[in-house]
Protein chains: 2
Amino acid sequence: MKIFSKNQLQRYPIYLKFFKEVEASGQKYISSPAIASVLGYSEEQIRKDLQAVSNDAGRPKKGREVKRLIETLENFLGYSEPIKAAVVGVGHLGVALMNYPNFSDMGLAIVAGFDIDQNKIGKEVAGKHIYSTEEMEEILPKFDINIIILTTPSKCAQEVADKAIRAGALAIWNFVPAHLQIPSHIVIENVNLASSLAILSHNLNSLMRLRKSI
Amino acid sequence: MKIFSKNQLQRYPIYLKFFKEVEASGQKYISSPAIASVLGYSEEQIRKDLQAVSNDAGRPKKGREVKRLIETLENFLGYSEPIKAAVVGVGHLGVALMNYPNFSDMGLAIVAGFDIDQNKIGKEVAGKHIYSTEEMEEILPKFDINIIILTTPSKCAQEVADKAIRAGALAIWNFVPAHLQIPSHIVIENVNLASSLAILSHNLNSLMRLRKSI
DNA sequence: AGCCTTTCAGTATTTTTTTATCGATATGAA
DNA sequence: TTCATATCGATAAAAAAATACTGAAAGGCT
């Protein structure tokens, strides 16, 4: 069984996105150096990444067939059969994610929302029904929902996550800036804006220091 | 000049968040093994990370002083003097970020919004004025805004980014799933949900395959 | 007061990831 | 058809990151 590093996995959707643009432009083949010059990775890394998921050999002087690359990546990333997810915590961020237009191209289908606010329960957001958090145990199996998108306030995130796991959730996509204690058989992926911002502001500070010193 | 890897930088906000919880619980000291057991990193890594930003030595049998750790990290991450940012593209996601309650604790102050929609221009969102994208060149310097939070539709992202850079933006926090071509003197940090989702669904698939094989 | 244990700092090792090298080969031009 | 070359695949080298190890010291316990 091949092992993919986190960094490597993160690159595949970026390749795919780019290949779709290339295809849209009418180009049939793309070479590693050409990809490298646009995406900013080294051409060796691109070869390694693509070789890891594809059986097709690239052709000298031409590169790889864009159409096949797209098929391969979409298949590898599981975009062919979308996974079902529900948003828990229909606040500003939850609503934004429910309306996010790109998930359908990313193999994700949000099919429901959950909240504790009586004013929201029973309403619809982006065409999806909002249920009470109490109903998770019933609704998740019913709609075959495996992934919980967690967008509650920080203070109730752990409690809600526990509840979701009891209700059968297999994976949690956590947008809450809190460290959840999760059993090891549950998949968790944290979207930590503070971490992303830390990189940004560190780089920005380096830049400013550089400028000042010149 | 010390160099910090991306992974390492991402961990600091996570440490900080945890230390604040520890402080709130009344605990005065925290040891690396104790941090490790909660956050799931190795204690060696934690020592290395903390030694890289702190001059204070930890004390055998006690660990490090929580209060000092918090000060040190807040200072390192630049939370003491927030950087100013503006959201460009006041759609669902833009609105969500403008309302995001945690940025003020993360050294970021969103002070304005920009959009091209006449219905939005002149309005307020989360107490911040929405300007026309055309006004960026005037408004960014006026409010001393260095960071652009990009949440436009994909198709106009590049164009808007170019405009923001002309208007003096130094850094772009890009929430748009598109690869921007950015001059090397501008800082860019991509929040790529597709990449995050790729990790999640890869792990979920591995889990399911494992289950099936048992 | 002395001993045992925990944790530390610093260094070494291992592992992982990225980058570089090299011969082979298909392509497009002469 | 032949030649020059861009690109490939595979492997090797380098760099970076994570992990493990070691001796020292502080804290608490008897």
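In what follows, chains carry the letters A, B, and so on, assigned in the order in which the sequence lines appear, proteins first and then strands, with residues in each chain numbered from 1.
- For the pair B:Phe4 CZ and D:dA16 C1', the computed distance is 15 Å after rounding to whole Å.
- Between the OH atom of B:Tyr41 and the P atom of D:dA18 there is a distance of 10 Å, given to the nearest Å.
- One distance of note links OG of B:Ser196 with CE of A:Met106; it measures 8.5 Å at 0.5 Å rounding.
- Under the 30°/60° scheme for interplanar angles, the aromatic rings of A:Phe76 and B:His202 are found to be tilted.
- DNA chain C lies under 4.0 Å from no heavy atom of any residue of residues 179-203 of chain A.
- We find that CD of A:Gln8 is positioned 8 Å from P of C:dT17, with the value rounded to whole Å.
- Rounded to a whole Å, the NZ atom of A:Lys2 is 17 Å from the P atom of C:dT16.
- Counting heavy atoms of neighbouring residues, nucleotides and ligands inside a 6.0 Å radius, atom CD1 of A:Ile116 does not exceed 12 of them.
- Listed pair A:Asn7 / C:dT18 meets the phosphate criterion, a side-chain N or O lying under 4.0 Å from OP1 or OP2.
- A:Asn75 and A:Glu71 share no donor-acceptor pair across their side chains, judged by distance under 3.5 Å alone.
- Each of B:Glu44, B:Glu43, B:Gln51 was checked for a side-chain hydrogen bond (donor to acceptor under 3.5 Å, both in side chains) with B:Arg47, and the lone residue meeting it is B:Glu43.
- With rounding to the nearest 0.5 angstrom, the CG atom of A:Leu93 is 10.0 Å from the CG atom of A:Leu150.
- In this entry the distance linking CD1 of B:Ile35 with C1' of C:dT6 reads 15 Å, nearest Å.
- Aromatic pair B:Phe19/B:Tyr12: ring centres not closer than 6.0 Å.
- For the pair A:Ile46 CD1 and C:dT17 P, the computed distance is 18 Å after rounding to whole Å.
- Atoms CD (B:Gln45) and C1' (C:dT16) sit 13 Å apart, rounded to a whole Å.
- Contact between the side-chain N/O atoms of B:Ser42 and the OP1/OP2 oxygens of D:dT19 is found at a separation under 4.0 Å.
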What does the B/S/- profile of nucleotides 8-15 of chain C look like, 5' to 3', with a 4.0 Å heavy-atom cutoff to protein? BB------
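- Annotation: B:Phe103 is in aromatic contact with B:Tyr100 [ring centroid separation under 6.0 Å].
- Between the side chains of A:Tyr79 and A:Asp105, no donor N or O sits under 3.5 Å from an acceptor N or O.
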